[in-house]
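Data block below; observations after.
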2 protein chains.
Amino acid sequence: MPHTGRTSPGRQLEHPEAAQIRLESVLSALADPVRLRIVSDLARGHEDMACISFELPVSKSTSTHHFRVLREAGVIRQYYEGTSRMSRLRSEELEECFPGLMEAVLRAQGVQV
Amino acid sequence: MPHTGRTSPGRQLEHPEAAQIRLESVLSALADPVRLRIVSDLARGHEDMACISFELPVSKSTSTHHFRVLREAGVIRQYYEGTSRMSRLRSEELEECFPGLMEAVLRAQGVQV
DNA sequence: CTCGTAGTACGAAGATTGTCAAACCATGCT
DNA sequence: AGCATGGTTTGACAATCTTCGTACTACGAG
């Protein structure tokens, strides 16, 4: 099977554009311990991690739910890589929309920024 | 009744100490349009405003609820002044706990910081 | 003392949220 | 083809949240 060395198509994932990211949604997304931990882990150099490698204290479906909330709020970007789904922080875009916000949140979480 | 020129005792209002303020609670408190607006109004120079002068698009009881959420999260400090209740941002303490957080949120709300 | 004003307390209704299990789908490997 | 793995979907449930109206309390003014 031809594999161009790129990501498989998979299903399309909805992402808001940078301009559509709303502060309220971002704050809401970050106001949960599980999601705050996901974000911290991503910021702690674990960019492009598969969902499974987060070892969250919740079930698979709950995990899916939290990643979706983060994605739809515009906090992370996700893409398929084979059978797993990778996530990364949308740092630059968030910095553009809400300068200093993520940095403040991450620092409050004890993440080296 | 002797009136020393100070605030009336009123009922005691619960406020978390600076060290007890949790990031998650603050984010949660800010993740609501009504409360975000209260905070913005307070930051926009309307320090020490009585609840009533906010002209919020909700009923009195709902208003009380939102102010309490903000107070219990440690975002605002409230005290009685006669029959009305004054509120002010706990800016310094928040800056101590989560440097840059409020500033980022307020700027995202278009408030001059 | 009486009245008006500012706010609180107490349900209650309705929406949203976090959680799970079970069934399902997609990809990659053998 | 068949299977294992990683993730999704659906439906359910309990907890929490936002909202309201009504009844109540506290203070100040007349």
Side-chain angles (χ1 to χ4, degrees), chain A residues 1-15 22 24-39 48-73 76-87, chain B residues 1-15 22 24-38 48-73 75-87:
Chain A
M1 160 237 312
H3 190 294
T4 60
R6 298 302 326 226
T7 304
S8 312
R11 199 157 86 39
Q12 282 303 81
L13 291 171
E14 302 275 328
H15 289 86
R22 292 181 318 134
E24 200 189 307
S25 305
V26 172
L27 292 174
S28 201
L30 297 176
D32 175 278
V34 175
R35 294 193 290 262
L36 213 37
R37 174 165 154 190
I38 292 174
V39 169
D48 300 315
M49 273 172 65
C51 292
I52 194 131
S53 43
F54 285 86
E55 302 194 12
L56 300 172
V58 292
S59 73
K60 274 198 302 178
S61 32
T62 303
S63 196
T64 295
H65 164 69
H66 286 304
F67 277 97
R68 177 166 44 188
V69 172
L70 286 171
R71 174 166 45 82
E72 291 181 345
I76 65 175
R77 189 171 287 284
Q78 296 187 291
Y79 56 96
Y80 285 97
E81 184 95 10
T83 168
S84 50
R85 190 140 98 172
M86 301 303 183
S87 301
Chain B
M1 163 234 308
H3 191 294
T4 60
R6 298 301 326 226
T7 303
S8 312
R11 202 159 82 43
Q12 281 304 82
L13 290 173
E14 302 274 329
H15 289 88
R22 293 181 318 132
E24 200 189 306
S25 305
V26 172
L27 293 175
S28 203
L30 297 176
D32 176 278
V34 176
R35 294 193 292 263
L36 211 38
R37 174 164 154 190
I38 292 173
D48 302 314
M49 271 172 66
C51 292
I52 193 128
S53 41
F54 285 86
E55 302 195 10
L56 300 172
V58 292
S59 72
K60 273 199 305 180
S61 31
T62 302
S63 196
T64 294
H65 163 69
H66 286 303
F67 277 98
R68 175 165 44 189
V69 172
L70 286 170
R71 173 166 45 82
E72 292 181 346
V75 178
I76 65 176
R77 189 170 288 283
Q78 295 187 291
Y79 57 95
Y80 285 96
E81 184 94 9
T83 168
S84 51
R85 189 140 98 172
M86 299 304 183
S87 301

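The analysis underlying the following values was restricted to heavy atoms, covering all of them including side chains, and did not include hydrogens, waters or symmetry mates. These figures come from a predicted structure and were not determined experimentally. Sequence lines set the chain letters: A, B, ... in the order given, protein chains first and strands last, and positions in each chain run from 1.
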Nearest-Å distance for atom pair CZ/P, residues Phe54(B) and dA6(C): 14 Å

All N/O pairs under 3.5 Å across the protein-nucleotides 20-22 of chain C interface:
residue	atom	partner	partner atom	Å
dC20(C)	OP2	Ser59(A)	N	2.8
dC20(C)	OP2	Ser59(A)	OG	3.2
dC20(C)	OP2	Thr62(A)	OG1	2.8
dA21(C)	N7	Ser61(A)	OG	3.3
dA21(C)	N6	Ser61(A)	OG	2.9

Leu56(B) versus Val34(B), closest heavy-atom pair with distance: CD1-CG1, 4.1 Å

Heavy-atom closest contact (Ala73(A) atom, Ser25(A) atom, distance): CB-O, 3.7 Å

Residue-level proximity of residues 28-38 of chain B to DNA chain D when a heavy atom falls under 4.0 Å: Asp32(B), Arg35(B)

Value in whole Å for how far the P atom of dT16(C) lies from NE2 of His65(A): 13 Å

Passing candidate, side-chain contact (heavy atoms from CB on, under 4.5 Å) with Ser87(B), options Ile38(B), Leu70(B), Ile76(B), Val75(B): Ile76(B)

Whole-Å distance separating the CG atom of Leu13(A) from the P atom of dA26(C): 14 Å

With Ser59(A) via side-chain contact (heavy atoms from CB on, under 4.5 Å) - residues at least two apart: Ser61(A), Thr62(A)

Any donor-acceptor N/O pair, Arg37(A) side chain to Phe54(A) backbone, under 3.5 Å: yes

pair Glu14(A)-Arg68(A): side-chain heavy atoms closer than 4.5 Å: no

Gap between atom CD of Gln78(B) and atom CE of Met86(B) - 0.5 Å precision: 11.0 Å

4.5 Å side-chain heavy-atom contact, Arg35(A) and Glu24(B): no

Distance in angstrom units between Arg68(A) CZ and dG18(C) C1', rounded: 13 Å

Any Thr83(A) side-chain nitrogen or oxygen under 4.0 Å from OP1 or OP2 of dT5(D): no

Rounded distance (Å) that lies between atom P of dT17(C) and atom CD of Glu24(B): 15 Å

Flag side-chain contact, heavy atom, 4.5 Å: Arg85(B) against Leu13(B): yes

Touch class at under 4.0 angstrom, heavy-atom based, for His66(A) against every strand present: sugar-phosphate

Interatomic distance, Arg71(B) CZ vs dT8(C) P [rounded to whole Å]: 8 Å

Nearest-Å distance for atom pair CZ/C1', residues Phe67(B) and dA6(C): 12 Å

Atom-pair distance (CD on Glu81(A); C1' on dT27(C)), nearest Å: 12 Å

